[in-house]
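Scroll down for the structure; my scribbles are underneath it.
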Amino acid sequence: MPELPEVETVKRSLLTNIGAKFMVIKINHPAVLRRQDFKPEELCGKKIKSIERRGKYLILSATSQRNLVVHLGMSGRFFMLGVQEQLQEPHIHAEIVLDNQRKLLYQDARRFGGLWLVKDLASFFRRMGKEPLGEDFNAVYLAEVIKNRKIAIKSLLLNQSLIAGIGNIYADEALFQAGILPSRPAGTLSNEEIIRLSRSIKDVLQMGIEQRGTTFRDYRDGNNETGNNQNNLQVYGRKNLPCPVCGKLICCDRIGGRSSHYCEHCQL
DNA sequence: CTGGATTCCTGCTTGC
DNA sequence: TGCAAGCAGGAATCCA
C-alpha cells in the first residue's frame with residue numbers, strides 16, 4: 001500500500017527524467033483516467049519541468065499548466081523501463097514514452113489508483129492536509145486538529161484532509177512508537193501524548209523513506225524494485241507475533257474498517 | 001460538521 | 001485437489 005514514504009521513493013527514483021519530453025501517451029484502460037482538464041496528447045512535446053509529491057500523490061509537471069497526477073491506490077506501480085524493453089505483465093493501464101530512451105509504465109491490478117490530467121494544482125489539492133514532514137506539522141497543529149474529536153486516533157491519522165500521506169501501515173507504527181492505543185478517542189490524548197505522536201509520525205515516515213518504502217506485496221519504486229522497510233515494522237502485519245519491546249503477542253482489531261495492529265501492554 | 005458504512009477491484013489465503 | 005468464500009485497503013460518496 002503506497003503511502004507517503006513509498007510515493008516519495010518513487011518520486012526520487014524518477015527525478016532523472018526531469019527535462020525529458022513526453023513523446024507518446026497511451027491509455028490502455030480508459031477508466032484509470034479520473035480527470036481530464038486537457039487531452040493526453042497535449043502533454044506530447046512538452047518537457048517534464050518537475051516531479052513532486054503531495055500526500056500520496058505524485059505530480060509530473062510540464063509547462064503551461066499541464067500536470068500529470070498519479071495515485072497508486074493499493075496495488076499501483078509507476079516505474080520506468082528502457083523504451084525498447086518489453087514486460088510480459090498484466091494490468092499495464094498506461095504507457096508514457098519519453099524522448100530520453102525511457103518509458104514510464106502505470107500498472108495497477110486492483111485499480112484503486114488512477115491518473116489525473118490537472119491544470120490547476122492548487123485547486124486540485126485544496127482539501128489536502130498538512131505534510132507531516134513539514135516544519136508546520138508539529139504538536140501544536142496536531143493538538144488543534146485533535147481537539148474535541150471523538151473519533152479513534154487511528155482513524156484521524158488516516159484522514160488525508162488533516163494530515164496528508166499517512167496510511168494504515170505508518171499509522172499503526174507511529175501509534176506503537178508513541179505508546180498510544182489506536183482505538184483511543186482522539187480528544188482524550190494528553191499534551192505529552194500529542195507531542196510523542198507528532199514526533200513518532202515524523203520518525204516512522206522518515207525511516208520508511210530511508211528504507212526506500214515498505215514492500216508487503218505489490219509496492220515497487222520507480223525502478224520497479226522493492227523497498228526494505230518491511231523488515232523494520234514493529235507491529236503492522238505481526239498479529240500473534242511477539243512485541244519487539246515486551247514480548248507479549250501483537251493484537252489485531254478492526255478500527256474504522258481497517259486492520260489495526262498494537263501491543264496491549266506497551267500502548268495505553 | 002462529524003463519524004460511520006458502503007463501494008470500487010483483483011488476487012492471495014482460508015476452509016470445506 | 002479444487003473451488004468458493006473471505007479478506008485486504010485509499011478515498012469518494014452517502015447517510016444519520
Side-chain angles (χ1 to χ4, degrees), chain A residues 1-8 10 28-36 53-59 69-78 88-94 106-116 118 123-132 144-175 182-189 201 205 208 213-220 226-227 229-230 233 235-241 250-262:
Chain A
M1 315 110 225
E3 307 178 24
L4 185 154
E6 287 72 38
V7 182
E8 179 66 22
V10 172
N28 301 324
H29 197 307
V32 305
L33 198 49
R34 304 297 186 83
R35 170 169 170 166
Q36 200 175 315
R53 179 193 58 75
R54 180 79 172 90
K56 301 175 196 172
Y57 291 86
L58 185 68
I59 309 157
V69 177
V70 182
H71 194 295
L72 301 176
M74 269 286 293
S75 54
R77 297 170 179 169
F78 192 72
Q88 295 305 319
E89 288 212 30
H91 312 300
I92 306 287
H93 302 316
Y106 174 68
Q107 179 183 32
D108 185 6
R110 268 161 277 189
R111 272 184 277 139
F112 275 28
L115 305 177
W116 290 253
V118 177
S123 165
F124 186 76
F125 289 115
R126 71 190 180 285
R127 294 184 194 284
M128 282 255 104
K130 280 201 198 300
E131 284 292 325
E144 185 186 313
V145 299
I146 274 178
K147 198 179 172 190
N148 297 330
R149 298 291 295 268
K150 297 190 174 80
I151 195 173
I153 184 63
K154 159 79 180 273
S155 301
L156 183 138
L157 295 183
L158 296 176
N159 184 339
Q160 303 299 300
S161 67
L162 301 177
I163 312 167
I166 300 176
N168 208 35
I169 296 174
Y170 295 96
D172 282 1
E173 293 295 311
L175 286 164
S183 55
R184 279 274 297 283
T188 68
L189 268 63
I201 287 168
L205 294 174
T214 301
T215 298
F216 230 75
R217 173 165 302 158
D218 298 308
Y219 168 70
R220 300 291 184 279
T226 59
N229 199 53
Q230 59 278 9
L233 300 180
V235 287
Y236 185 86
R238 304 193 70 248
K239 182 183 182 181
N240 290 334
L241 292 172
I250 297 299
C251 304
C252 181
D253 291 342
R254 295 192 79 75
I255 295 169
R258 299 283 172 260
S259 64
S260 302
H261 308 75
Y262 62 94

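In what follows, chains carry the letters A, B, and so on, assigned in the order in which the sequence lines appear, proteins first and then strands, with residues in each chain numbered from 1.
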A:E3 (side chain) donor-acceptor with A:K56 (main chain) under 3.5 angstrom: no
Check against side-chain hydrogen bond (donor to acceptor under 3.5 Å, both in side chains), A:D108 and A:H93: CA-CA 7 Å; A:D108 185 6; A:H93 302 316; 5.7 Å; no
Length of the CZ-P vector between A:R149 and B:dT2, whole Å: 5 Å
Per A:A109 side chain, nearest of listed nucleotides C:dG9, B:dG11, C:dA11: B:dG11
Protein-nucleotide distance (A:I166, atom CD1; C:dG9, atom P), rounded to Å: 16 Å
Atom-pair distance (CZ on A:F112; C1' on C:dC7), nearest Å: 12 Å
Protein-nucleotide distance (A:L158, atom CG; B:dA5, atom C1'), rounded to Å: 16 Å
Parallel, tilted or perpendicular: ring planes of A:F78 versus A:Y106, cut at 30 and 60 degrees: tilted
Sugar-phosphate, base or nothing in reach of A:Y57, heavy atoms under 4.0 Å: sugar-phosphate
Sugar-phosphate, base or nothing in reach of A:R127, heavy atoms under 4.0 Å: nothing
Contact nearer the 5' end of DNA chain B, comparing A:R258 with A:S155: A:S155
A:E131 side-chain N/O to A:R54 backbone N/O, donor-acceptor pair under 3.5 Å: no
Any A:Y170 side-chain nitrogen or oxygen under 4.0 Å from OP1 or OP2 of C:dG10: no
A:Y170 and A:E6: CA distance, side-chain angles, deciding distance, side-chain hydrogen bond (donor to acceptor under 3.5 Å, both in side chains) verdict: CA-CA 11 Å; A:Y170 295 96; A:E6 287 72 38; 2.7 Å; yes
side-chain N/O A:K56 vs C:dA11 OP1/OP2, d < 4.0 Å: yes
Gap between atoms CG and P, on A:D108 and C:dG9 respectively (whole Å): 16 Å
Side-chain N or O of A:R111 closer than 4.0 Å to phosphate OP1/OP2 of B:dT10: yes
Spacing of A:M74 atom CE relative to C:dA12 atom C1', expressed in whole Å: 16 Å
Phosphate OP1/OP2 of C:dG9: any A:S259 side-chain N/O under 4.0 Å: yes
Residue-phosphate contact under 4.0 Å: A:H91 side-chain N/O, B:dC9 OP1/OP2: no
Nearest-Å distance for atom pair NE2/P, residues A:H29 and B:dC9: 9 Å
Residue A:Q160, side-chain atoms from C-beta onward, closest of B:dC12, C:dA11, C:dG10: C:dA11
Nucleotide C:dA8, atom P - distance to CZ of A:R110 in whole Å: 12 Å
Sugar-phosphate, base or nothing in reach of A:Y219, heavy atoms under 4.0 Å: nothing
